[in-house]
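We count residues from 1, following the sequence as given.
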Amino acid sequence: MQRLTRRSAIASALALSACSQGAKSQPAVTPPPPLRTLTPFPIGCCVQERWLHEPEYADLLGEQFSQLTAEWEMKMEYILREDGGFQFDRPDSIASFAKARDMALHGHSLIWFANENDAFKRLDGRGKPFADAYRNYILAVVGRYKGVARSWDVVNEPVADDGERLRDSLWSRNLGSDDHIALALQHAHEADPNAVLFLNDYHLELKPNKRATFMRLIERLLKRGAPLSGIGTQTHIDYDLPAGAVEAALKDLASFGLPIHLSELDISLGDHYVPAIPGDRIKRQVAKYAEVAEAFMALPARQRFAFTIWGLRDDNTWLRGDSGQRPKDQPLLFDEAGKAKATCRALADVFSRRA
């Protein structure tokens with residue numbers, strides 16, 4: 001997921017200043033059992049390191065979830081400095097928290113089209129020095145968390161928004177469109193042969209053409225023997241996504257027989273959402289959470305790698321975020337006070353019944 005600007009096309013920055021009552025929380029429900037106790041596969045959540053220092057946040061996170069993904073602090077944008085040096089303080093803190101709370105760690109992400117670091121830009125067009133730096137970066141990051149991170153998003157969002165082609169990037173221009181992905185997988189496998197290695201992308205349920213392009217990429221990589229061992233589908237969706245879209249995407253992706261990570265789930269209440277105005281959006285959002293959980297549980301048990309929510313409380317969501325795309329959105333499982341919402345109950349009910 002892009003930290004600041006990636007989905008600016010999804011939502012406009014509307015302050016809705018006419019709504020003087022502010023962003024009221026959805027009604028809390030009787031707390032369900034902790035989600036992490038309901039499934040044999042990990043239930044994940046993304047985090048920023050600064051939030052782990054808030055005791056109430058940390059306790060709720062550890063109680064409910066069994067896997068962590070760094071929202072952005074294990075990406076190149078944080079780890080690799082402009083001078084080519086590395087900083088691991090925040091990733092190390094996240095990894096330590098996961099270990100202390102008996103949580104798995106999912107690495108996110110090694111190579112992303114939007115992270116064109118100055119240290120690599122200086123090597124643009126230089127052939128072997130660029131390729132060597134690419135390998136060394138992946139070996140350094142994966143190697144540091146060998147035996148700690150169970151899995152990695154090795155290449156994040158390789159397909160262009162139009163769904164018709166792979167993205168053009170600093171990586172593809174220097175190493176090749178498919179080749180930079182295959183090389184990243186090879187280098188990550190070299191650094192940690194036991195880690196599960198993913199390609200991860202978004203709108204695979206919303207845009208069938210993008211899913212088809214993504215699947216053709218997977219076919220080519222597997223045919224050439226690249227050590228791809230998992231498929232990540234982010235699942236940033238809206239409450240009004242057509243019924244069956246997530247199920248169709250998961251069925252297609254599961255056809256490779258690889259583990260599936262539903263990797264960044266949130267369900268937005270959409271543009272122009274005004275909490276003070278009654279409506280059916282919340283009911284439809286709750287039903288959509290249940291639908292997504294049902295679709296995931298319909299996968300063969302061996303392919304259910306993990307089910308990750310992209311944020312703990314509504315005030316942590318990227319949809320409100322720095323770009324202010326949907327400043328009153330309530331897309332997650334817990335309200336600003338950390339109380340379970342009906343969305344949380346919907347997931348718990350499906351998992352309790354189907355696990």
Side-chain angles (χ1 to χ4, degrees), residues 1-14 46 69 108-109 112-114 153 155-167 198-219 230-256 258 260-273 280-299 306-311 317-321 323 325-326 329-332 343 346-347:
M1 188 209 91
Q2 183 168 334
R3 184 184 170 204
L4 297 179
T5 62
R6 175 166 65 73
R7 294 187 181 83
S8 58
I10 300 177
S12 58
L14 297 175
C46 80
T69 302
H108 175 80
S109 56
W112 185 37
F113 74 93
D153 290 328
V155 177
N156 191 43
E157 301 172 1
V159 181
D161 283 339
D162 65 11
E164 299 300 325
R165 57 189 172 79
L166 300 188
R167 293 187 186 275
F198 285 83
L199 295 187
N200 188 51
D201 218 322
Y202 67 97
H203 283 175
L204 302 179
E205 64 293 308
L206 183 65
K207 298 181 178 181
N209 66 322
K210 185 172 185 178
R211 182 165 77 244
T213 301
F214 186 66
M215 292 177 68
R216 287 193 294 270
L217 170 62
I218 292 171
E219 289 172 354
I231 299 171
T233 176
Q234 293 183 11
T235 324
H236 294 289
I237 60 177
D238 282 3
Y239 74 99
D240 57 354
L241 181 75
V246 172
E247 181 182 16
L250 290 179
K251 282 184 176 179
D252 281 353
L253 297 174
S255 66
F256 293 102
L258 296 173
I260 303 296
H261 185 190
L262 204 143
S263 58
E264 302 184 17
L265 176 63
D266 49 32
I267 302 181
S268 174
L269 291 166
D271 289 335
H272 314 296
Y273 174 63
D280 70 343
R281 291 194 189 194
I282 291 175
K283 290 181 180 179
R284 294 173 66 183
Q285 179 197 47
V286 172
K288 190 62 63 177
Y289 262 107
E291 178 189 332
V292 172
E294 292 280 6
F296 189 78
M297 294 305 295
L299 295 173
F307 190 99
T308 293
I309 309 299
W310 208 245
T317 177
W318 69 279
L319 288 164
R320 296 185 184 182
S323 57
Q325 292 173 341
R326 295 181 176 182
D329 213 343
Q330 299 174 7
L332 300 175
T343 49
L347 288 187

Interatomic spacing from [atom1] in [X] to [atom2] in [Y] - rounded to 0.5 Å:
X      : Y      : atom1 : atom2 : result
Leu250 : Glu294 : CG    : CD    : 12.5 Å
Ser109 : Asp153 : OG    : CG    : 6.0 Å
Thr308 : Leu265 : OG1   : CG    : 9.0 Å
Glu264 : His236 : CD    : NE2   : 4.0 Å

Side-chain contact, heavy-atom cut-off 4.5 Å: [X] with [Y]?
X      : Y      : value
Ile237 : Leu206 : no
Thr69  : Trp310 : yes
Val159 : Arg167 : no
Leu199 : Leu217 : yes
Glu247 : Glu291 : no

Heavy-atom closest pair, residues [X] and [Y]:
X      : Y      : value
Leu253 : Ile231 : O-CD1, 3.5 Å
Leu299 : Ala254 : CD2-CB, 3.6 Å
Met215 : Ser255 : CE-OG, 3.8 Å
Val246 : Ala295 : CG1-CB, 4.2 Å
Thr233 : Glu205 : OG1-OE1, 3.8 Å
Asn200 : Ser263 : OD1-OG, 2.7 Å

Please identify each residue that fulfils salt bridge (Lys or Arg N to Asp or Glu O under 4.0 Å) with [X], with sequence neighbours left out.
X      : answer
Glu219 : none
Arg211 : Asp252
Lys283 : none
Lys207 : none

Going by atom types alone, do [X] and [Y] pair a side-chain donor with an acceptor below 3.5 Å?
X      : Y      : answer
Asp161 : Tyr202 : yes
Arg320 : Thr317 : no
Asp266 : Trp318 : yes
Asn209 : Glu164 : yes
Gln330 : Gln285 : no

> Can you list the residues that meet the ring pair (Phe, Tyr, Trp, His ring centres under 6.0 Å) rule with Phe214, with sequence neighbours excluded?
Replying inline: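 Checked Phe214 against ring pair (Phe, Tyr, Trp, His ring centres under 6.0 Å); zero matches.
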> Taking only residues two or more places apart in sequence or in another chain, which ones pass ring pair (Phe, Tyr, Trp, His ring centres under 6.0 Å) with Phe307?
Replying inline: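 If we apply the ring pair (Phe, Tyr, Trp, His ring centres under 6.0 Å) test to Phe307, skipping adjacent residues, the hits are Phe296, Phe351.
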> Ser268 and side-chain contact (heavy atoms from CB on, under 4.5 Å): which partner among Leu332, Leu319, Leu241, Asp240?
Replying inline: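 For Ser268, the side-chain contact (heavy atoms from CB on, under 4.5 Å) test succeeds with only one of Leu332, Leu319, Leu241, Asp240, which is Leu319.
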>> Would Ile309 and Leu347 count as a side chain to side chain contact (heavy atoms under 4.5 Å, CB included) here? Give the steps.
In response: CA-CA 11 Å; Ile309 309 299; Leu347 288 187; 4.0 Å; yes
>> side chain to side chain contact (heavy atoms under 4.5 Å, CB included), that's the test. Do Ile282 and Tyr273 meet it? Break it down for me.
In response: CA-CA 10 Å; Ile282 291 175; Tyr273 174 63; 3.5 Å; yes
> Can you list the steps and then say if Lys288 with Tyr239 is a side chain to side chain contact (heavy atoms under 4.5 Å, CB included)?
Replying inline: CA-CA 6 Å; Lys288 190 62 63 177; Tyr239 74 99; 5.6 Å; no
>> Using salt bridge (charged side-chain N to carboxylate O under 4.0 Å, His left out), reason through Asp271 and Arg326 one step at a time and then give a plain yes or no.
In response: CA-CA 7 Å; Asp271 289 335; Arg326 295 181 176 182; 3.1 Å; yes
> Would you find a donor on one side and an acceptor on the other, under 3.5 Å apart, between the side chain of Asn156 and the backbone of His108?
Replying inline: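 It does not hold such a pair.
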> Ignoring hydrogens and geometry, is there a side-chain-to-backbone donor-acceptor pair from Arg281 to Leu269 under 3.5 Å?
Replying inline: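 Yes, because the side chain of Arg281 sits within donor-acceptor range (under 3.5 Å) of the backbone of Leu269.
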